[in-house]
Amino acid sequence: MGDIESSYITPDGYFRHTIVFESKQEVWNSVCYGMLKLRNGDQLLSINNEDTTLLSHEDALRVFENLPSNKDENITMTYRRPSTRNVVDFSFELNCSLGSSAVEARINNESSVPESDWIKKSAVTIQNRGTNRYMQALEKNCVIFKELISSIPGQKPKDFHICHFTEERWIESNSHAMLRRYMDEEHKDYLHVTCDGNIILSSTCSVFKLKVERMHAFVIMEEIVTGKVLCLEDFNDCCAKFIHPTNYAADHINYIDHMEEKFRFKRDSVPCLRQ
């Protein structure tokens, strides 16, 4: 359809993917992809519920390349249009005729709202990188990282509902980075960081930024009000806290890349919210 130009935004730690058409590509787009209504400068936010602001350029391209084009499979996409300050959510199908390189698109649903009103919900897990320990809310005052192991062949630890959180994300007006809050699937309360950095569930939510390392290897989770960062201090301890890191400066251009392992986590989307 065109090209994607990607830039890594510091110090907010996210990727901005912009759709770019050359003149002849715009003509081709109007003929074969006109139904998608994409324009120069549109900024990609998600594909198939995959948050592309946390994906590197190569990973975002890989998502595009793996889109199904020979099946009646629904594809979802969200983009921000800077010229109108609107966010568009739409779903569509792609079809590539046998023996032809042409791809046809069919829109199934489309909605557009001002970016100040847009909010996206996804089911996600927060994982202690390199382990099977996932954030879980065992009780309202007990949010910990605990190992999950399944005895069922083929079941992955992140398939357990106990480690699923509903992530609500929206666009910060100044930086256009994503702000996020998290609701526990079981208790229907939000993650809240107390004054001493402990994590509990509460009707009062804390707001976070996920800042991704520039190679998409890990994320750090920063609480907005205090600037504290999620930390699992002891590898053998399951209790995590939000603390002020003492060995980095947030104004350093590559500070996220140099965060210690105890601040590094992995955020994954899971297929669906529990009904």
Side-chain angles (χ1 to χ4, degrees), residues 11-14 51 53-54 122-150 156-169 177-187 189-202 204-250 252 254-270:
D12 291 295
Y14 74 96
D51 183 353
T53 68
L54 300 177
S122 304
V124 302
T125 60
I126 305 295
Q127 179 186 2
N128 178 209
R129 195 176 75 130
T131 74
N132 282 331
R133 294 194 295 179
Y134 289 79
M135 181 184 283
Q136 302 165 54
L138 302 186
E139 299 174 4
K140 286 197 173 185
N141 291 321
C142 185
V143 179
I144 64 173
F145 280 79
K146 186 177 179 181
E147 189 172 35
L148 289 174
I149 299 175
S150 175
K156 300 177 181 178
K158 69 178 183 179
D159 293 336
F160 288 93
H161 286 300
I162 194 173
C163 66
H164 291 182
F165 290 85
T166 302
E167 179 188 76
E168 300 174 2
R169 61 185 185 269
M178 290 290 176
L179 300 179
R180 306 165 194 262
R181 59 185 175 223
Y182 295 89
M183 177 183 284
D184 175 60
E185 285 281 277
E186 183 67 28
H187 300 90
D189 275 320
Y190 288 99
L191 288 185
H192 177 73
V193 180
T194 64
C195 294
D196 57 3
N198 291 321
I199 313 167
I200 64 172
L201 296 180
S202 171
T204 303
C205 67
S206 293
V207 178
F208 306 92
K209 277 185 181 179
L210 290 188
K211 299 185 176 183
V212 65
E213 186 261 347
R214 64 183 61 242
M215 298 302 293
H216 183 217
F218 60 86
V219 298
I220 64 170
M221 188 174 187
E222 181 180 299
E223 200 264 324
I224 293 299
V225 173
T226 63
K228 292 180 178 179
V229 178
L230 181 61
C231 174
L232 201 56
E233 188 74 46
D234 186 345
F235 185 81
N236 296 314
D237 188 9
C238 60
C239 295
K241 293 186 69 171
F242 279 81
I243 68 171
H244 285 297
T246 58
N247 62 341
Y248 82 96
H252 190 279
N254 293 326
Y255 78 96
I256 296 173
D257 302 17
H258 300 292
M259 294 289 282
E260 297 174 72
E261 187 64 37
K262 62 185 180 181
F263 296 106
R264 301 181 178 191
F265 295 88
K266 185 179 180 183
R267 175 250 189 222
D268 277 321
S269 297
V270 287

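The side-chain heavy atoms of L148 and C163, taken from C-beta on, include a pair separated by under 4.5 Å. In this structure the side chain of H164 reaches within 4.5 angstrom of the side chain of T125, judged on heavy atoms. Side-chain contact between V219 and V212: present, with at least one pair of heavy atoms (C-beta onward) separated by less than 4.5 Å. A 4.5 Å side-chain heavy-atom check between I200 and N141 finds at least one atom pair inside the cut-off. For the pair T226 and V193, the minimum side-chain heavy-atom distance is 4.5 Å or more.
Distance check, rounded to the nearest 0.5 Å: CD1 of I162 to CG of L138 gives 5.5 Å. A distance of 6.0 Å separates CE in M135 from CD1 in I126, rounded to the nearest 0.5 Å. The distance from atom NZ of K266 to atom NZ of K158, rounded to the nearest 0.5 Å, is 6.5 Å. For the atom pair OG1 of T166 and CG of L191, the computed distance is 10.5 Å after rounding to the nearest 0.5 Å. T131 contributes atom OG1, which lies 8.0 Å from atom CG of L232 (distance to the nearest 0.5 angstrom). Atoms CZ and CE, on F263 and M221 in that order, are 14.5 Å from each other to the nearest 0.5 Å.
Of all non-hydrogen atoms in Y255 and P11, the two that sit nearest each other are OH-O, 3.1 Å. Taking both residues in full, the closest heavy atoms of V143 and A137 are given as CG2-CB, 4.1 Å, listed atom of the first, atom of the second, then distance. Contact record, H192 with S202: CB-CB, 3.8 Å, taken as the closest heavy-atom pair. Here the shortest heavy-atom pairing between C205 and R181 reads SG-CD, 3.7 Å. Between M178 and T53, the shortest heavy-atom distance links the atoms CG-OG1, 4.0 Å. Across all non-hydrogen atoms, the minimal contact from I256 to G13 is CD1-CA, 3.7 Å.
Salt-bridge annotation for E222 and K209: absent, with no side-chain N of the basic residue lying under 4.0 Å from a carboxylate O of the acidic one. Remark: R267 engages E167 in a salt bridge, criterion side-chain N to carboxylate O under 4.0 Å. At a threshold of 4.0 Å, the pair E223-K228 does not count as salt-bridged, since none of the basic side-chain nitrogens sits closer than that to a carboxylate oxygen. Note on R180 versus D51: salt bridge recorded, some NZ/NE/NH1/NH2 to OD/OE distance being below 4.0 Å.
With respect to F265, the ring pair (Phe, Tyr, Trp, His ring centres under 6.0 Å) criterion is satisfied by exactly one of F145, F218, F208: F145. Across L230, I220, L54, a single residue satisfies side-chain contact (heavy atoms from CB on, under 4.5 Å) together with L210, and that is L54.
Remark: side-chain polar atoms of D184 are paired, donor with acceptor, to backbone N or O of E186 under 3.5 angstrom. R264 contributes a side-chain N or O that, together with a main-chain N or O of M259, makes up a donor-acceptor pair within less than 3.5 Å. A donor-acceptor contact shorter than 3.5 Å links the side chain of Q136 to the backbone of K146.
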| said: Assess the residue pair H187 and K140 against the criterion (side chain to side chain contact (heavy atoms under 4.5 Å, CB included)); give the C-alpha distance rounded to whole Å, side-chain angles, the decisive distance to 0.1 Å, and a yes or no. | reply: CA-CA 7 Å; H187 300 90; K140 286 197 173 185; 4.3 Å; yes
| said: I'd like to know whether L179 forms a side chain to side chain contact (heavy atoms under 4.5 Å, CB included) with R169, so could you lay out the CA-CA distance, the side-chain angles of the two residues, the decisive distance to 0.1 Å, and finally the verdict. | reply: CA-CA 5 Å; L179 300 179; R169 61 185 185 269; over 6 Å; no
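Within a 6.0 Å radius of CD in E147, other residues, nucleotides and ligands contribute more than 12 heavy atoms.
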